[in-house]
Amino acid sequence: MARRSIPVLKQLLTSSSTPTLRRSVTYMPRPGDGAPRPVTLIPGDGIGPLVTNAVEQVMEAMHAPVYFEKYDIHGDMMRVPSEVIDSIKKNKVCLKGGLATPMGGGVSSLNVQLRKELDLYASLVNCFNLQGLPTRHENVDIVVIRENTEGEYAGLEHEVVPGVVESLKVITKFCSERIAKYAFEYAYLNNRKKVTAVHKANIMKLADGLFLESCREVATKYPGIKYNEIIVDNCCMQLVSKPEQFDVMVTPNLYGNLVANTAAGIAGGTGVMPGGNVGADHAIFEQGASAGNVGNDKLLEQKTANPVALLLSSAMMLRHLQFPSFADRLETAVKRVISESHYRTKDLGGTSTTQEVVDAVIGALD
């Protein structure tokens with residue numbers, strides 16, 4: 001019996017030393033889910049075409065299941081062309097570079113036009129530390145969710161008499177409730193623990209008071225998520241002194257713009273923070289923080305714009321399109337390039353060009 005068992009033992013030892021490949025099932029697609037999706041692409045102004053081209057190159061290298069319908073529009077146009085709106089409505093998803101907004105004059109912001117036309121009521125910016133990128137604060141991982149259609153950005157201004165201008169801030173219960181609900185749903189679905197409402201209700205008792213009242217009502221429906229409130233000026237001070245205390249922040253329109261850019265600066269700069277604007281039916285993904293979103297002529301001339309923010313925003317887009325494995329591959333490659341610190345643009349302390357960063361990301365793809 002002992003002699004007969006020797007070959008069996010050898011076989012067992014041999015088979016146990018040979019590694020077996022095991023793959024877990026993470027996503028069960030419906031038939032047709034793998035079909036390439038059309039995405040509207042707006043390169044925009046300034047560095048926009050440079051960084052959107054970076055995304056196109058990486059998507060092609062990954063063989064990502066998307067293809068782009070590109071439209072050449074610019075911030076100095078009076079309106080967003082109807083064919084662009086139709087394309088976004090058809091495709092449901094858009095990737096956008098920065099659009100310049102003229103200062104003063106009669107030309108309104110095309111960014112605001114897009115948000116209103118498509119009812120993209122929620123702006124989301126994720127501000128977090130990237131491994132290998134030194135910052136003043138550690139453990140920063142803040143999501144700023146900003147109401148995107150009313151408030152000071154409603155654009156309701158008029159001159160009462162010469163030299164006196166009135167600008168109306170509009171806050172409605174409907175919009176306040178739906179942005180609060182979106183913030184709590186985001187926290188619940190992404191395993192976040194706390195939602196902080198940012199306000200100035202001590203001064204604007206009716207407008208910001210209505211916003212706070214709406215947030216409080218929605219908070220009662222999510223007992224598992226901690227809820228607190230903070231006045232916007234104290235919020236800015238707390239952000240720069242102890243940002244790790246914040247998790248998800250929900251804000252009216254103007255405050256959210258200020259808070260998101262401040263948080264982005266704390267976590268590594270606007271060049272690395274992803275974001276997007278989403279509504280019930282459509283979504284536009286772009287660089288998260290808006291400060292300098294079209295760059296300057298020198299960046300464009302030297303081709304040294306940072307593509308990281310838009311690459312990470314395009315990963316958010318892939319996840320939104322239910323292509324999580326492609327999103328994970330892209331995010332992992334970008335974070336690897338940042339952590340290895342061989343290829344960084346000037347805003348991150350390096351000397352690389354946009355193309356060198358793109359080539360490094362493509363090389364880091366698994």
Side-chain angles (χ1 to χ4, degrees), residues 121-131 135-151 171-268 273-280 288-289 312 316 319-320:
Y121 67 86
S123 167
L124 186 148
V125 182
N126 191 2
C127 303
F128 55 92
N129 291 123
L130 286 162
Q131 185 178 352
T135 56
R136 290 179 181 270
H137 298 277
E138 296 179 353
N139 303 317
V140 177
D141 188 2
I142 303 170
V143 175
V144 182
I145 294 174
R146 156 192 172 201
E147 204 293 318
N148 218 16
T149 59
E150 56 177 19
I171 297 288
T172 65
K173 189 168 182 63
F174 172 78
C175 289
S176 298
E177 281 185 345
R178 71 175 180 174
I179 195 64
K181 185 177 180 182
Y182 183 86
F184 277 93
E185 282 184 353
Y186 179 91
Y188 175 71
L189 294 173
N190 288 277
N191 196 30
R192 297 276 180 161
K193 306 302 182 187
K194 181 170 67 172
V195 172
T196 301
V198 182
H199 67 95
K200 191 66 176 174
N202 57 326
I203 303 298
M204 284 168 273
K205 299 182 185 296
L206 291 179
D208 285 24
L210 178 59
F211 176 78
L212 271 190
E213 176 189 314
S214 303
C215 290
R216 289 167 183 169
E217 287 178 7
V218 173
T220 62
K221 300 173 184 177
Y222 296 84
I225 298 172
K226 184 179 178 183
Y227 170 71
N228 65 346
E229 301 164 357
I230 189 168
I231 297 173
V232 63
D233 40 357
N234 182 33
C235 173
C236 293
M237 188 274 289
Q238 295 290 335
L239 267 175
V240 298
S241 59
K242 195 179 177 184
E244 60 275 8
Q245 68 183 286
F246 296 108
D247 191 358
V248 175
M249 306 174 78
V250 60
T251 77
N253 207 331
L254 178 61
Y255 307 156
N257 201 9
L258 303 175
V259 167
N261 280 275
T262 303
I266 290 164
M273 299 303 152
N277 303 284
V278 66
L312 291 175
M316 289 174 62
R319 196 164 280 116
H320 176 80

* To do: Give a yes or no on whether Lys173 atom NZ has more than 12 heavy-atom contacts from other residues, nucleotides or ligands under 6.0 Å away.
  =>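 Count over threshold, so yes.
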* Taking everything shown except Leu206 itself, do over 12 heavy atoms lie less than 6.0 Å from its CG? ->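 Open: at most 12 neighbouring heavy atoms sit under 6.0 Å from CG of Leu206.
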Rounded at 0.5 Å granularity, tell me how far [atom1] in [X] sits from [atom2] in [Y].
| X | Y | atom1 | atom2 | answer |
| --- | --- | --- | --- | --- |
| Thr149 | Asn277 | OG1 | CG | 11.0 Å |
| Asn228 | Met249 | CG | CE | 9.0 Å |
| Glu177 | Glu147 | CD | CD | 12.5 Å |

What is the minimum heavy-atom distance between [X] and [Y], and which atoms define it?
| X | Y | answer |
| --- | --- | --- |
| Ile225 | Ala187 | CD1-CB, 3.8 Å |
| Pro274 | Met316 | CB-SD, 3.6 Å |
| Ile266 | Pro243 | CG2-CG, 3.8 Å |
| Val250 | Cys215 | CG1-SG, 4.2 Å |
| Val195 | Ala183 | CG2-O, 4.2 Å |
| Lys193 | Asn191 | NZ-OD1, 3.0 Å |

* Parallel, tilted or perpendicular: rings of Phe184 and Tyr222 (30°, 60°) -> parallel
Exam field: side chain [X] to backbone [Y], donor-acceptor pair closer than 3.5 Å:
| X | Y | value |
| --- | --- | --- |
| Glu229 | Leu212 | no |
| Arg146 | Asn253 | yes |
| Asn126 | Val143 | no |

* **Side-chain donor-acceptor pair present, Asn261, Asn257, cut-off under 3.5 Å** =>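 Asn261 vs Asn257: donor-acceptor pair found between side chains.
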Which atom pairs, one a donor and one an acceptor, fall under 3.5 Å between side chains of residues 197-204 and the rest of the protein, sequence neighbours left out?
unit_1, atom_1, unit_2, atom_2, d
His199, ND1, Ala201, N, 2.9
Lys200, NZ, Asp233, OD2, 3.0

* All pairs passing salt bridge (Lys or Arg N to Asp or Glu O under 4.0 Å) where residues 241-263 contributes a residue, at least two apart ->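 Applying salt bridge (Lys or Arg N to Asp or Glu O under 4.0 Å) to every pair that reaches into residues 241-263, excluding sequence neighbours, yields Arg192-Asp247.
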* Identify, with sequence neighbours excluded, every residue that meets side-chain hydrogen bond (donor to acceptor under 3.5 Å, both in side chains) alongside Asn190. =>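 Residues passing side-chain hydrogen bond (donor to acceptor under 3.5 Å, both in side chains) with Asn190: none at all.
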